[in-house]
Amino acid sequence: MYAQMIKTAGTGVKSPEEMTEEERRFQARVDANEKIEPKDWMPEDYRKTLIRQIGQHAHSEIVGQLPEGNWITRAPTLERKAILLAKVQDEAGHGLYLYCAAETLGVSRDELTEQLLSGKMKYSSIFNYPTLTWADMGAVGWLVDGAAIMNQVPLQRTSFGPYSRAMIRICKEESFHQRQGYDIMMKMAQGTPAQKKMAQDALNRFWYPSLMMFGPSDKDSVHSAQSMAWKIKMNTNDELRQKFVDQTVPQAEYLGLTVPDEHLKWNEERGHYDFSEPDWSEFYDVLKGNGPCNTDRLNARREAWEEGQWVRDAMLAHARKKAAAKVAAE
Amino acid sequence: MKNEWPLWEVFIRGQHGMSHRHVGSLHAPDAEMAIKNARDVYTRRNEGVSIWVVEARHIAASSPSDKGPLYEPSESKVYRHPTFFDIPEEVGAM
């Protein structure tokens, strides 16, 4: 999931008796799968939580360009380079769709950017891991985008109209991302022994961080109930994680690669794979800013923002001058 | 003066003969850049043959609370729909 550990505002799920008349009407609309639009009445906590969630999701798309951007100049062929460029450009687009959805809730783009740069808002923990080899481009597309899709497909039905519409656009494009990643993995896994080793190494490094993308285990996920009642969270973290593992293990088998989990086993009775949980202390540590690339990622964003300042100002000054000249001529 | 680029709403004509449809919004310093950005953000996969942009502050919108007075009157006017009228089969297609 591109949004993790979103703190739900408010005091938890209210019973109908505890709700105000407006809150009751709002909840009834959500229950009836009606979309809530920006100008409609909504509880303040719903608005706040959505800004946090959509904002974090947008930041993740933007920061998510960095680990892949790292390989654009070193892609092995011109075709791979063009594909990777297109993918990274999509991530920028996804960030923009989501920022616009968040802005309909009354927060400005600059506020969101400033909160990312000051560390007040987070982005997904996954982008704090380095991309060391070309095979990592395969693993990121296959596993990271695969995990994101698991979460984004149900979010197409989320209660907030602009968020739902952004998700629909994003899901259309996301399938290309996962397939191009798996295509890289197939090529590597069927290549020379050295290439296959690189593919296995990428899987080893990205497996557990990908499982962490869904957020902590349900038993430690205290804010879920209210977000689920509002339909801004559609499934629990553990449900989605299980679904991801069930779907991904056969794909790893097809590649002839081994999932780095000695406890991974098909459970006939449950009809699911049993698997090891990721190291949650590592997860919390990465969120706190201590992952391998946290500092690099934020520095890259700060640099882009600060060094782009004169360009943004110049373009605005030019637009104002042109507009003033037009008024004068009329 | 606030230095954030203004917000533009983007409308795309998907195919010849169709009307423009709202697809989303973006920030740009002026209309020319808004069209260039819209091309990059909203038509990367042949989604359009024409782009309109309009600064969001120029859009006037009806209020959700006016839903009743605005739209309820038409609910009772079933005779506005062709299916309201029973035409005998022998009359043929109509």
Side-chain angles (χ1 to χ4, degrees), chain A residues 22 25-26 29 34-42 85-104 107-114 161-162 165-166 168-170 172-173 175-176 308-324 326, chain B residues 1-15 18-49 51-72 75:
Chain A
E22 273 170 324
R25 228 179 296 141
F26 173 84
R29 290 187 63 196
E34 270 183 46
K35 294 286 180 238
I36 307 301
E37 295 296 339
K39 287 175 117 188
D40 294 345
W41 186 89
M42 62 185 82
L85 260 175
K87 194 209 172 222
V88 173
Q89 194 190 10
D90 273 355
E91 306 297 359
H94 295 179
L96 295 180
Y97 308 154
L98 287 160
Y99 280 132
C100 287
E103 285 173 76
T104 65
V107 64
S108 78
R109 178 76 61 92
D110 281 2
E111 282 172 300
L112 288 168
T113 306
E114 277 152 19
R165 292 189 284 273
I168 291 169
R169 282 192 74 85
I170 288 174
K172 267 192 207 158
E173 301 177 345
S175 169
F176 147 59
Q309 179 75 49
W310 73 270
V311 180
R312 294 193 299 276
D313 290 347
M315 290 181 77
L316 195 61
H318 176 70
R320 282 179 180 154
K321 213 166 113 184
K322 256 194 349 192
K326 199 178 157 210
Chain B
M1 197 182 277
K2 211 179 95 190
N3 266 339
E4 195 173 280
W5 289 350
L7 187 70
W8 299 75
E9 297 299 332
V10 181
F11 301 80
I12 305 269
R13 185 199 299 284
Q15 294 168 38
M18 305 289 281
S19 50
H20 286 74
R21 259 185 75 185
H22 182 244
V23 292
S25 46
L26 49 75
H27 288 270
D30 57 23
E32 189 188 339
M33 282 307 299
I35 288 176
K36 286 193 169 132
N37 290 351
R39 177 250 183 208
D40 287 342
V41 180
Y42 291 106
T43 65
R44 289 195 301 280
R45 289 179 174 79
N46 297 321
E47 288 98 332
V49 295
I51 298 171
W52 285 353
V53 293
V54 58
E55 230 189 292
R57 66 188 173 94
H58 293 310
I59 291 183
S62 65
S63 157
S65 57
D66 290 340
K67 216 170 88 186
L70 286 178
Y71 313 115
E72 269 165 25
E75 280 171 20

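So you know, we letter chains A, B, ... as the sequences are listed, proteins then strands, and number each from 1. Everything quoted here is computed from the prediction, not taken from an experiment.
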Closest contact, heavy atoms only, B/R39 versus B/T43: O-OG1, 2.6 Å

Pairs of heavy atoms under 4.5 Å with chain A: top-ranked of B/S65, B/P6, B/P64, B/A61: B/P64

Within 6.0 angstrom of B/R44 CZ, more than 12 heavy atoms from elsewhere: yes

Neighbour count above 12 (heavy atom, 6.0 Å) for B/H20 NE2: yes

Heavy-atom contact with chain B under 4.5 Å, split by part of A/K172: neither

Residue part contacting chain A, namely of B/E9, when any heavy atom lies under 4.5 Å: neither

Which portion of B/A56 sits near chain A, non-hydrogen atoms under 4.5 angstrom: neither

Pick from A/K322, A/Q89, A/E173 with the largest number of heavy-atom pairs that fall under 4.5 Å of chain B: A/E173

Whether A/F26 and A/W41 hold their rings parallel, tilted or perpendicular, with breakpoints at 30° and 60°: perpendicular

Residue, of A/A323, A/P162, A/A319, that accumulates the most heavy atom pairs under 4.5 Å with chain B: A/A319

Ion pair check, A/D90 and B/R45, cut-off under 4.0 Å: yes

Pair A/E37 + A/R165, salt bridge at N-O below 4.0 Å: yes

Heavy-atom proximity to chain B below 4.5 Å, by part of A/D110: both

